[in-house]
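Report on the following structure.
Everything quoted here is computed from the prediction, not taken from an experiment. So that the names make sense, note that chain A is the first sequence line, chain B the second, and so on, each numbered from 1.
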Amino acid sequence: MSARPFSFFDTRSRRSSLAVGGRVQARVVAALMIRDAMGRYGHENLGFFWVIGEPLLLTCGVMALWSITHQSHNSAVGVVPFALTGYSMLTMWRLIVFKSMHGMRRSANLIFHTNIKFFDILLARSLLETIGILAAFLIAYLPLWLLGFMPSMNDPLALFGGWLLTAWFAFGFGLIIAAATELSDALERFIHPVMYLTLPITGTFYMVDWMPAKIRDILLYSPLVHGSEMFRSGVFPPDVVTMYDPWYMVAWCVALTGIGLPLVLYAQRHVQLV
Amino acid sequence: MAVNLTDITASFSRNGALLAPGVVDKVLHKSQIKARLIRRLLISLIIFPVLFAVLYYGLFAADRYVSETNIIVRSVSSRRMTGLEMIFQTFGISRAVDDANAVQNFMLSRDAVQALETRLPLRKIFSDPHADIFSRFPRFWLPKNDSFERLYEYYLDRVTVVQDQSKGITTVRVVAFQPEDAKKIAEALMQLSEEMVNRMNVRAQRDTVESAQASVNSAVQDLITAQKNLAQYRNRELIIDPSKNSASVLDTITSLATENAQVLAQIQEMKKLTPNNPGIAARIVRADSLKARIDAERDKLAGSDSGLATKIETYERLALLRDIAEKGLTNASASLETARQEARRQQIYVEQIVAPNLPDQSTEPERIRMIATYLVVCSMLSAVLWLLTAGAQEHTN
């Protein structure tokens with residue numbers, strides 16, 4: 001039998017080269033992502049595609065609702081793009097954080113594979129949401145753009161960059177949540193109310209430019225506001241004033257990941273197997 | 001029980017086996033090939049665009065120069081805001097600044113391009129020899145690429161007008177392949193929009209003042225007619241002011257009545273003192289004639305159709321009409337004056353805060369940023385595509 005070129009266990013993976021290590025890591029994360037999606041949605045009807053379908057339903061539902069009940073405040077900011085951008089971001093942030101709760105405990109049985117680390121599991125989960133909801137956004141965006149409800153992309157770098165930075169921020173926050181919920185079960189009770197109460201500082205429901213200067217300064221402390229402003233600046237024409245600083249977000253992301261990673265390493269010794 | 005691996009593989013190779021020899025391998029191999037193909041496609045979706053971006057922006061893309069100018073469109077009159085509007089203003093929910101919108105619209109219109117073409121060799125500027133083939137004006141990949149419509153599309157890519165609604169400042173950015181050209185276009189645009197605004201001003205002034213002027217003219221006509229009617233009436237009736245006439249008649253009646261009363265008293269007195277006085281008869285005649293005179297005068301005042309009372313009625317109607325016409329003229333003149341002032345105040349100006357600059361360094365295209373854009377966008381797109389293909393593969397299995 002010919003050598004399987006993509007085996008986990010072939011000789012190449014034993015070579016301690018960074019490229020090979022990276023390749024294995026990528027394969028592990030990719031496989032975990034597919035496994036996660038399959039585990040969640042199975043083979044029934046849409047199956048895997050519910051990863052995209054679920055957020056798509058939510059964002060489109062909210063979008064339809066808002067476009068009936070809300071009126072556009074501003075000629076440049078339509079209700080439809082406002083709702084779509086806002087809710088895509090919000091969905092990603094909430095899903096990544098909620099999926100990280102007890103994220104280590106739930107997949108602890110996978111850890112017996114040598115190549116899988118807790119970090120991979122958490123990363124795969126966040127990446128799945130990131131890519132799935134982005135796909136949902138793009139799938140919703142394309143027909144709406146063709147029909148003229150969405151403006152054409154003003155700055156794709158800001159759009160995808162804002163998305164990635166928010167995803168990273170949510171992932172970093174998720175790392176801390178995953179580790180913390182493992183260490184203390186009571187913490188889980190706090191996360192839902194906290195997530196709900198912090199809705200106003202996610203930047204979903206307003207543009208910072210609409211706010212009075214004092215509130216604006218306070219809001220801009222929230223990295224999520226930066227993320228959603230950046231994302232929106234990628235969609236809306238330059239007439240719409242957006243305020244964001246990608247480096248501020250990067251600093252937050254690095255800080256959160258820097259706190260989250262050691263916490264996960266510490267917490268994985270305390271994972272209770274279920 | 002020890003299982004010999006060669007026995008198991010051999011059992012597949014015998015005739016009538018469930019799977020023909022090598023099928024498992026083949027199936028595995030096929031799916032591997034497919035997976036590899038998809039992976040290579042996805043990776044090439046990242047690599048080729050990024051490679052193109054690196055080559056194009058690194059080597060070929062021509063330098064472009066940006067000339068920028070800030071203008072503010074304002075009128076002399078400051079609109080007073082009510083309380084609620086002020087609250088909304090702070091939340092940024094306010095009416096768009098119409099005049100600035102008009103200027104912005106004009107600068108991005110076909111009219112502006114046409115006017116620019118008469119002043120500057122716009123096509124020549126955009127097809128500068130320094131420009132690379134992808135960014136130069138007649139875009140080679142488009143059909144009918146030399147038409148005015150294409151020029152207009154190209155112009156829209158090179159000129160951006162952004163209005164900051166909270167500050168009211170409009171920023172005009174012109175990109176060209178030579179710094180002087182960018183500056184020239186920006187300056188010409190400024191001139192054109194100033195001319196457009198002036199045209200608007202003249203028109204608005206003419207419109208508002210013209211209607212007020214028209215109402216003044218009609219008021220003057222009304223007054224002239226009323227005055228004429230009154231004069232005609234006076235000439236016809238040979239009377240200047242019937243109310244004054246009636247006053248004099250009343251005076252006459254009063255004095256006649258006084259005299260009559262005196263005469264009557266005298267008669268009574270004489271009858272008592274000297275009943276046979278021959279003067280009594282003469283006095284009685286006098287009293288009678290006085291009485292007749294009084295009646296005649298009364299008749300003049302309010303008797304038949306020619307009586308003064310009917311004349312007063314007509315006269316006062318005409319006089320009232322003239323007074324109304326006079327008042328109308330006064331009002332119309334006042335509103336003409338206000339309209340003139342209003343028109344003067346409503347004039348809009350295009351004020352340059354920053355004059356178009358002459359760039360000494362190229363700032364476009366932003367090469368690193370563009371390469372980063374290609375990298376990020378392509379990776380994200382291929383990640384999304386990977387998810388879709390993975391889902392499709394899982395689905396077919």
Side-chain angles (χ1 to χ4, degrees), chain A residues 1-2 4-6 30-31 33-35 37-38 41-43 45-53 72-77 127-128 130-139 153 155-161 163-164 167 206-216 234 237-241, chain B residues 5 9 22 24-26 28-29 31-33 35-36 39 42 87-96 100-101 104 160-167 170-171 173 366 368-397:
Chain A
M1 199 171 132
S2 61
R4 294 200 196 132
F6 297 109
M33 282 167 74
I34 292 171
R35 182 188 175 278
M38 297 303 301
Y41 301 107
H43 274 296
N45 52 59
L46 278 185
F48 195 99
F49 287 115
W50 279 118
V51 174
I52 300 164
S72 179
H73 302 313
N74 191 315
S75 55
V77 183
L127 266 182
L128 181 69
T130 309
I131 297 172
I133 299 169
L134 179 65
F137 170 77
L138 291 175
I139 287 169
M153 276 184 205
D155 184 354
L157 185 63
L159 183 91
F160 289 102
W163 188 263
L164 277 179
Y206 49 81
M207 304 287 293
V208 175
D209 188 46
W210 298 350
M211 294 292 161
K214 267 184 195 167
I215 300 180
R216 216 181 270 173
D239 289 37
V240 179
V241 182
Chain B
L5 194 67
T9 40
V24 177
D25 252 13
K26 229 185 245 169
L28 275 178
H29 196 58
S31 70
Q32 273 173 7
I33 288 175
R36 202 189 314 171
R39 192 132 48 102
L42 289 177
I87 291 172
F88 283 141
Q89 186 77 37
T90 52
F91 282 93
I93 310 162
S94 65
R95 211 167 53 87
N101 275 349
Q104 183 186 17
T160 41
V161 182
V162 173
Q163 194 189 330
D164 183 337
Q165 298 209 336
S166 54
K167 298 194 190 80
T170 307
T171 307
R173 255 173 128 255
E366 294 167 293
I368 304 284
R369 194 175 195 281
M370 287 314 291
I371 293 170
T373 304
Y374 273 83
L375 185 67
V376 169
V377 171
C378 291
S379 340
M380 293 304 276
L381 283 183
S382 77
V384 167
L385 282 178
W386 169 77
L387 194 71
L388 291 176
T389 53
Q393 269 191 320
E394 286 300 327
H395 219 62
T396 50
N397 281 353

- Atom of W386(B), atom of I34(A) and distance for their closest heavy-atom approach: CZ2-CD1, 4.0 Å
- Task: Determine the sole option in L134(A), L127(A), I131(A) for which the side chain to side chain contact (heavy atoms under 4.5 Å, CB included) test with L387(B) is passed.
- Result: I131(A)
- Task: Kindly compute the distance separating CG (L138(A)) from CG (L388(B)), expressed to the nearest 0.5 Å.
- Result: 9.5 Å
- In terms of heavy-atom contacts, does CD1 of I33(B) have more than 12 from other residues, nucleotides or ligands at under 6.0 Å? yes
- Do you know which of V51(A), D155(A), L128(A), L159(A) has the most heavy-atom pairs with chain B at a distance under 4.5 angstrom? D155(A)
- Query: Given that the side chain runs from C-beta out, which part of A37(A) has a heavy atom under 4.5 Å from chain B: side chain, backbone, both or neither?
  - Reply: neither
- Against chain B, label M207(A) side chain, backbone, both or neither, depending on which of its atoms sit under 4.5 Å from a heavy atom there. neither
- Item | Partner set under side chain to side chain contact (heavy atoms under 4.5 Å, CB included) for V377(B), not counting sequence neighbours | P156(A), F160(A), T373(B), L381(B)
- Distance (rounded to the nearest 0.5 Å) between Q104(B) CD and D239(A) CG: 5.0 Å
- Begin from the C-alpha positions of I52(A) and V384(B) and carry the test side-chain contact (heavy atoms from CB on, under 4.5 Å) through to its verdict. CA-CA 10 Å; I52(A) 300 164; V384(B) 167; over 6 Å; no
